Amino acid sequence: MNIILLGPPGAGKGTQAKILEDRRGMKQLSTGDMLRAAIAEGSDLGKRAKAVMDRGELVSDDVVVGIIAQRLDQPDVARGFILDGFPRNTAQAEALDKMLRKKDLQLDRVIEIKVEDEALIDRIAGRYSCASCGAAYHDQFASPRKPGICDNCSATQFVRRPDDNPAVVRDRLKVYNSQTAPLIDYYGKTGALRTVNGMADIGEVTRQIETKLNGA
Ligand code: AP5
């Protein structure tokens, strides 16, 4: 099954994509993670993307469309994929349609995760991850079992994303509302769109998504 998780920053796209990947064997394709990996490698692409991402703006369509086109050619997407953070505007959605037609692939569902703006700011401002293995935590909602020690790898260093400060998050929300939210209408017209209540707890959001993937 091939799906898109659509929603504003902090809606829970990454959280739900990882759960679905574990449960269903579909591959999470997060353009944000791929761009952050390019930044960590210090590649030219990463250097160009960093300044744009730190301001909360969108990296150019050519770059992200190219990344996804290459990724869809890899064998590990054969059991399906979960697009997380792509497409982010109409031009990217049209490029994706073209790409899928060329590769003879179909899009089965677009899941919109709906969350109120104030909750998004709280979620993002509290988010951090293990500097060593990348395990995700949150100040209020998901602390490590032993304070200051990663549950997964026992490391003691943690990091926060540079674009996760409240001022940049507000700019990211503006970009979402002006450029990405129109995709709700775009996919509504295709019949693939389903909406879930992202204000519910993580397990309940997963349950709603599973219901939508199973046919509702
Ligand atoms: P990207 O990395 O895609 O970030 P984003 O879309 O802003 O989304 P986030 O990763 O912040 O949030 P999420 O929805 O995944 O939420 P999460 O699960 O982490 O993009 C970053 C930047 O890269 C962009 O600004 C842009 O510059 C560039 N970029 C990326 N893709 C691009 C593209 N296609 N085109 C151009 N530029 C692109 O959850 C957030 C927190 O909330 C976590 O702490 C989690 O534990 C918690 N949480 C999750 N669900 C719940 C729940 N139900 N209840 C309570 N807490 C919850």
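Start at 1 and go down the list; that is how both ligands and their atoms are numbered. None of these values were measured; they are calculated from a predicted model.
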**Message:** Let's go through Asp164 and Arg172 carefully: what are the C-alpha distance in whole Å and the side-chain angles of both, what is the deciding distance for salt bridge (charged side-chain N to carboxylate O under 4.0 Å, His left out) to 0.1 Å, and is it a yes or a no?
**Reply:** CA-CA 9 Å; Asp164 273 358; Arg172 286 162 60 196; 3.0 Å; yes
**Prompt:** After noting the C-alpha distance and the side-chain angles of Phe81 and Leu105, does the key distance pass the side-chain contact (heavy atoms from CB on, under 4.5 Å) rule?
**Reply:** CA-CA 11 Å; Phe81 55 79; Leu105 292 169; 4.2 Å; yes
**Message:** I'd like to know whether Arg194 forms a salt bridge (charged side-chain N to carboxylate O under 4.0 Å, His left out) with Glu112, so could you lay out the CA-CA distance, the side-chain angles of the two residues, the decisive distance to 0.1 Å, and finally the verdict.
**Reply:** CA-CA 6 Å; Arg194 302 289 184 276; Glu112 179 204 1; over 6 Å; no
**Asked** What's the verdict on salt bridge (charged side-chain N to carboxylate O under 4.0 Å, His left out) for Arg71 and Asp76, showing C-alpha distance, side-chain angles and the deciding distance?
**Response** CA-CA 9 Å; Arg71 204 52 198 81; Asp76 62 348; 2.7 Å; yes
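Under the 3.5 Å distance criterion, the side-chain polar atoms of Asp108 are matched with a main-chain donor or acceptor of Asn2. With hydrogens and angles ignored, the 3.5 Å screen pairs no side-chain donor or acceptor of Gln28 with any backbone N or O of Ala17.
Under the 4.0 angstrom criterion for non-hydrogen atoms, Gly10 is in contact with ligand 1. Under a 4.0 angstrom heavy-atom cut-off, Ser60 registers as lying outside contact with ligand 1. At least one heavy atom of Ala200 sits under 4.0 Å from some atom of ligand 1. Residue contacts with ligand 1 do not include Ala142, since none of its heavy atoms lies under 4.0 Å from the ligand. At least one heavy atom of Arg36 lies less than 4.0 angstrom from ligand 1. Heavy atoms of Arg55 come nearer than 4.0 angstrom to ligand 1 in no pair at all. Within the structure, ligand 1 has Ala11 among the residues with a heavy atom less than 4.0 angstrom away.
For atom 7 (O) of ligand 1, the nearest protein heavy atom (residue, atom name, distance) is Arg172 NH2, 2.7 Å. Given atom 47 (C) of ligand 1, the protein heavy atom at minimum distance is Arg123 CD, 4.2 Å. Scanning the protein for heavy atoms near atom 15 (O) of ligand 1, the closest one is Gly14 N, 2.8 Å. Here the heavy atom of the protein found nearest to atom 31 (N) of ligand 1 is Thr31 OG1, 2.8 Å. Closest to atom 35 (N) of ligand 1, if we only count protein heavy atoms, is Gln92 NE2, 3.0 Å. Summary of contacts: the protein heavy atom closest to atom 6 (O) of ligand 1 is Arg88 NH2, 2.6 Å. Among all non-hydrogen protein atoms, the one lying nearest atom 19 (O) of ligand 1 is Arg127 NH1, 2.6 Å. Among protein heavy atoms, the minimum distance from atom 8 (O) of ligand 1 is reached at Lys13 NZ, 3.2 Å.
Taking distance alone, with nitrogen or oxygen atoms compared against 3.5 Å, Gly12 approaches ligand 1 more closely than that limit. At under 3.5 Å, a nitrogen or oxygen of Val59, whether backbone or side chain, sits near a nitrogen or oxygen of ligand 1. On a distance-only criterion, Gly56 and ligand 1 share no N/O pair closer than 3.5 Å.
Contacts with ligand 1 closer than 4.0 Å are made by side-chain heavy atoms of His138 only, the backbone lying farther away. Only the backbone of Pro8 comes within contact range of ligand 1, with a heavy atom under 4.0 Å; no side-chain atom does. By the criterion of a heavy-atom distance under 4.0 Å, both the backbone and the side chain of Thr15 are placed next to ligand 1. With a heavy-atom cut-off of 4.0 Å, Glu57 touches ligand 1 through its backbone alone. For Leu35, every heavy-atom contact with ligand 1 shorter than 4.0 Å involves the side chain, none the backbone. By the criterion of a heavy-atom distance under 4.0 Å, neither the backbone nor the side chain of Gln16 is placed next to ligand 1.
Residue contact check: Asp201 has heavy atoms under 4.0 Å from atoms 53 (N) of ligand 1. Taking every non-hydrogen atom of Gly198 and a distance limit under 4.0 Å, the qualifying atoms of ligand 1 come out as 53 (N). In summary, the atoms of ligand 1 found under 4.0 Å from a heavy atom of Phe141, numbered by their order in the structure, are 56 (N). Distances below 4.0 Å separate heavy atoms of Pro9 from the following atoms of ligand 1: 5 (P), 7 (O), 8 (O), 12 (O).
Summarising the local packing, NZ of Lys103 is surrounded by more than 12 heavy atoms from other residues, nucleotides or ligands at distances under 6.0 Å. In the displayed structure, Gln140 atom CD is contacted under 6.0 Å by more than 12 heavy atoms of other residues, nucleotides or ligands. Atom CZ of Arg79 has 12 or fewer heavy atoms from other residues, nucleotides or ligands within 6.0 Å.
Between Glu204 and Arg207 there is a salt bridge, since at least one side-chain N of the basic residue sits less than 4.0 Å from a carboxylate O of the acidic one.
In this structure, Met26 is not a member of the same hydrophobic cluster as Leu29, with clusters built from ILVMFWY side-chain heavy atoms closer than 4.5 Å. A continuous path of ILVMFWY side-chain contacts below 4.5 Å connects Val52 to Phe86, so both sit in one hydrophobic cluster. Hydrophobic clustering, with ILVMFWY side chains joined whenever heavy atoms are under 4.5 angstrom apart, groups Ile111 together with Ile82. Hydrophobic clustering (side-chain heavy atoms under 4.5 Å, transitive across Ile, Leu, Val, Met, Phe, Trp, Tyr) keeps Leu193 apart from Ile3. Under a hydrophobic-cluster definition in which Ile, Leu, Val, Met, Phe, Trp and Tyr are linked whenever side-chain heavy atoms come within less than 4.5 Å, directly or via other members, Met1 and Ile113 are assigned to the same cluster.
Selection from Arg161, Glu204, Met199 by nearest heavy atom to atom 10 (O) of ligand 1 gives Arg161.
The ring pair (Phe, Tyr, Trp, His ring centres under 6.0 Å) test applied to Phe141 returns His138, not counting sequence neighbours. Legend: residues meeting ring pair (Phe, Tyr, Trp, His ring centres under 6.0 Å) with Tyr176, ordered by chain and number and at least two apart, are absent.
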